[in-house]
Asks: 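The structure that follows is given in the form of structure tokens.
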Protein chains: 2
Amino acid sequence: MDAGFEAHVRVGEETFDGRDAALLRAVAAHGSLNAAASTLGRSYSRAHGRIGDLEAQAGPLVERERGGSEGGGSRLTENARELLAQFERLQAALEGTATTERLVLDGTVRERDGDLVTVETAAGTVGALALTTADDVQASFRSDAVTLHAPESAPGESETSARNRFEGDVLSVERGDGTALVRVDVGAGDPLAVRVTATSLRELALSAEDRVVASFKATATRATAAPDAGESGER
Amino acid sequence: MDAGFEAHVRVGEETFDGRDAALLRAVAAHGSLNAAASTLGRSYSRAHGRIGDLEAQAGPLVERERGGSEGGGSRLTENARELLAQFERLQAALEGTATTERLVLDGTVRERDGDLVTVETAAGTVGALALTTADDVQASFRSDAVTLHAPESAPGESETSARNRFEGDVLSVERGDGTALVRVDVGAGDPLAVRVTATSLRELALSAEDRVVASFKATATRATAAPDAGESGER
DNA sequence: CATCGATATGTCTATGCCGATACAACGGTC
DNA sequence: GACCGTTGTATCGGCATAGACATATCGATG
């Protein structure tokens with residue numbers, strides 16, 4: 001039961017997707033559309049047509065050369081490299097959110113101010129951006145959105161823009177490759193997972209049972225409708 | 001040229017996507033698969049088959065009733081509501097990252113430690129999670145990942161797990177509905193955009209030309225390959 | 001027991017996508 | 001001028017998907 005996605009970038013009427021990105025990468029790697037298509041197991045004519053369609057919307061993507069000692073070839077334009085980089089940033093960003101753990105807190109909306117809502121949860125009150133008008137909500141946020149502080153030096157409410165703040169005990173520290181996952185009991189059902197660098201782990205001198213303050217921004221917290229048992233309108 | 005995606009949740013052999021989610025929502029809203037299919041402009045037989053396929057992997061999704069005064073009907077199981085909620089959280093999370101502004105910093109990798117790299121950029125040195133082995137990279141992060149501090153009370157390096165820190169001048173403050181977008185000049189090409197709540201804006205008393213400290217976590221920063229002008233390996 | 005509206009199931013067919021194939025044009029090298 | 005490997009262009013056929021349609025079944029109601 002794991003999460004996934006297909007990224008794409010709209011460019012005019014066309015939709016540039018992972019398949020297109022692979023094609024451009026292969027062209028860059030092989031120096032010819034022919035070789036690119038065949039290594040991808042795709043037909044040359046389709047690949048050719050696809051590039052034509054994309055170029056009609058995005059401007060020149062490949063510089064073509066016909067004839068010559070090696071028959072010619074194709075190279076990416078600056079334009080194409082830019083598009084590809086944009087796609088890859090998007091892909092990386094989405095990849096991050098799809099694979100990053102999230103903490104989900106069930107709660108009830110207490111206050112609204114535009115998109116911003118105040119939600120009461122088992123762990124305390126949190127601010128969140130609302131994507132729903134329902135009052136029974138789940139507030140969730142990414143484990144990499146949380147900053148840990150030593151309790152004695154945690155900044156005051158009015159000194160930072162991180163509005164949400166929990167205090168709790170470190171349950172476990174799981175060392176990874178350059179980063180570590182710290183689990184903190186904040187009084188909610190599930191522990192709060194926080195991904196930090198190995199350096200931070202060392203400088204905060206964190207280990208199990210230590211007391212820490214966890215802060216995260218309301219604008220990085222999303223409130224979505226809770227899975228309602230009864231009936232209360234669609235969408 | 002805007003970003004998008006198609007979310008899906010793998011469940012056994014099947015892939016639960018936005019189309020499936022819409023179907024389940026319509027069933028919940030109308031109380032019958034027949035009405036659901038027809039309001040979605042889809043054929044009943046296909047919709048029926050699709051639900052059967054999904055149930056083979058995910059377990060019961062709808063409770064069916066045949067016959068009766070109103071011919072019967074279908075209602076979602078708890079299981080289905082759970083699946084739908086999971087999908088909607090994913091959708092919301094991805095939606096957030098696809099629409100949230102990102103700051104992109106061009107830079108060069110100076111150091112590696114597992115997935116973690118140190119990147120030198122025009123605005124300063126930042127830690128990031130690397131998704132590439134290239135040395136010319138773009139470090140990017142979400143505008144909602146950045147916490148603002150008053151300069152005098154910004155926490156020290158060893159007191160928090162936010163490893164990246166810039167100091168700069170506020171360029172502009174753009175008030176929205178409950179939140180505001182603060183642009184900070186940090187010496188990079190583009191300004192750093194930070195989304196904060198209206199409350200934070202007030203408590204930090206931010207306005208243009210103020211000096212602020214912006215901090216964000218290395219684990220929320222992603223390094224992707226820069227659009228390389230020359231040739232340096234595929235992928 | 002006929003009616004009605006829903007579930008349940010199978011088949012036909014239109015459509016879109018894509019690989020496969022064929023063929024022309026190009027321009028260096030031999 | 002023949003050769004070669006590429007870029008262009010057009011067409012055919014296979015395959016998967018999904019709508020359209022036909023039909024059977026179910027069960028409360030009147």
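The model shown is predicted, which means the values in this text are computed figures rather than measured ones. Letters A, B, ... are given to chains in the order of the sequence lines, protein chains preceding strands, and every chain is numbered from 1.
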Asks: Earliest and latest nucleotide of DNA chain C, 5' to 3', sitting under 4.0 Å from a non-hydrogen atom of chain A?
Replies: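 With heavy atoms of chain A under 4.0 Å away, the range is dC18(C) to dT29(C).
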Asks: Is the shortest side-chain N to carboxylate O distance from Arg81(A) to Glu88(A) below 4.0 Å?
Replies: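 No, Arg81(A) and Glu88(A) are not salt-bridged.
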Asks: Which residues pass the side chain to side chain donor-acceptor pair (under 3.5 Å) test with Glu82(A), not counting sequence neighbours?
Replies: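 Scan of Glu82(A) (side chain to side chain donor-acceptor pair (under 3.5 Å), adjacent residues dropped) gives none.
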Asks: If I take atom CG in residue Leu61(A) and atom P in nucleotide dT7(D), what distance separates them, rounded to the nearest angstrom?
Replies: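 It works out to 15 Å between those atoms.
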Asks: Which residue pairs satisfy the salt bridge (charged side-chain N to carboxylate O under 4.0 Å, His left out) criterion with at least one member in residues 113-133 of chain A, sequence neighbours excluded?
Replies: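 Every pair satisfying salt bridge (charged side-chain N to carboxylate O under 4.0 Å, His left out) with a residue in residues 113-133 of chain A: Arg110(A)-Glu120(A).
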Asks: Stepwise, does the side-chain hydrogen bond (donor to acceptor under 3.5 Å, both in side chains) test hold for Arg102(B) with Ser140(B)?
Replies: CA-CA 6 Å; Arg102(B) 299 180 71 86; Ser140(B) 69; 3.2 Å; yes
Asks: Tell me, please, which residues at least two apart from Arg19(B) pass salt bridge (charged side-chain N to carboxylate O under 4.0 Å, His left out).
Replies: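 For Arg19(B), no residue satisfies salt bridge (charged side-chain N to carboxylate O under 4.0 Å, His left out) once neighbours in sequence are set aside.
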Asks: What is the distance, rounded to the nearest whole Å, between atom CG of Leu33(A) and atom P of dT9(D)?
Replies: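 So the two atoms are 13 Å apart, to the nearest Å.
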Asks: Test of understanding: with salt bridge (charged side-chain N to carboxylate O under 4.0 Å, His left out), list the residues that count as partners of Glu101(B), not counting sequence neighbours.
Replies: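 Only Arg183(B) meet the salt bridge (charged side-chain N to carboxylate O under 4.0 Å, His left out) criterion with Glu101(B).
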Asks: So, OP1 or OP2 of dG19(D): does either fall under 4.0 Å of a side-chain N or O from Ser43(B)?
Replies: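 Yes, Ser43(B) has a side-chain N/O under 4.0 Å of OP1/OP2 on dG19(D).
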Asks: Scan residues 127-140 of chain A for pairs that pass salt bridge (charged side-chain N to carboxylate O under 4.0 Å, His left out), counting only residues two or more places apart or in two chains.
Replies: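 As it turns out, the salt bridge (charged side-chain N to carboxylate O under 4.0 Å, His left out) pairs with a partner in residues 127-140 of chain A, which skip direct neighbours, are Arg112(A)-Asp135(A).
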Asks: To the nearest Å, give me how far apart CG (Leu23(A)) and P (dT7(D)) are.
Replies: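 Computing the Leu23(A):CG to dT7(D):P distance gives 11 Å.
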Asks: Expressed in angstrom and rounded to an integer, what is the separation of Arg64(B) atom CZ from dC26(D) atom C1'?
Replies: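 Atom-to-atom, Arg64(B) to dC26(D), this comes out as 14 Å.
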Asks: Do any of residues 44-57 of chain A sit with a heavy atom less than 4.0 Å from DNA chain C, and if so which?
Replies: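 Per residue number, the list reads Ser45(A), Arg46(A).
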Asks: Of all residues at least two apart in sequence or in a different chain, which pass the side-chain contact (heavy atoms from CB on, under 4.5 Å) check with Thr221(B)?
Replies: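 Counting only residues at least two positions away or on another chain, Thr221(B) forms a side-chain contact (heavy atoms from CB on, under 4.5 Å) with Ala128(B), Ala139(B), Phe141(B), Asn164(B), Phe216(B).
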Asks: In chain order, what residues pass the salt bridge (charged side-chain N to carboxylate O under 4.0 Å, His left out) check against Glu14(B), with sequence neighbours excluded?
Replies: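 Here the qualifying residues are Arg50(B).
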Asks: Kindly write out the residues that satisfy side-chain contact (heavy atoms from CB on, under 4.5 Å) with Glu63(A), not counting sequence neighbours, or none if the list is empty.
Replies: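 Residues passing side-chain contact (heavy atoms from CB on, under 4.5 Å) with Glu63(A): Arg75(A), Thr77(A).
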Asks: Toward the 5' end of DNA chain C, which comes first, Gly71(A) or Gly41(A), by nearest nucleotide?
Replies: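 Closest to the 5' end, via its nearest nucleotide, is Gly41(A).
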Asks: Which angle, rounded to 10°, do you find between the first-five-pair axis and the last-five-pair axis of the helix from dC1(C)-dG30(D) to dC30(C)-dG1(D)?
Replies: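 Between the first-five-pair axis and the last-five-pair axis there is 10°.
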Asks: Round to a whole Å and report the spacing from CD of Glu65(A) to C1' of dT6(D).
Replies: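 Value for this atom pair: 10 Å.
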Asks: Does anything in residues 186-195 of chain B pair up under side chain to side chain donor-acceptor pair (under 3.5 Å), and if so which pairs, sequence neighbours excluded?
Replies: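 Every side chain to side chain donor-acceptor pair (under 3.5 Å) pair that includes a residue of residues 186-195 of chain B, provided the two are not neighbours, is Thr179(B)-Arg195(B).
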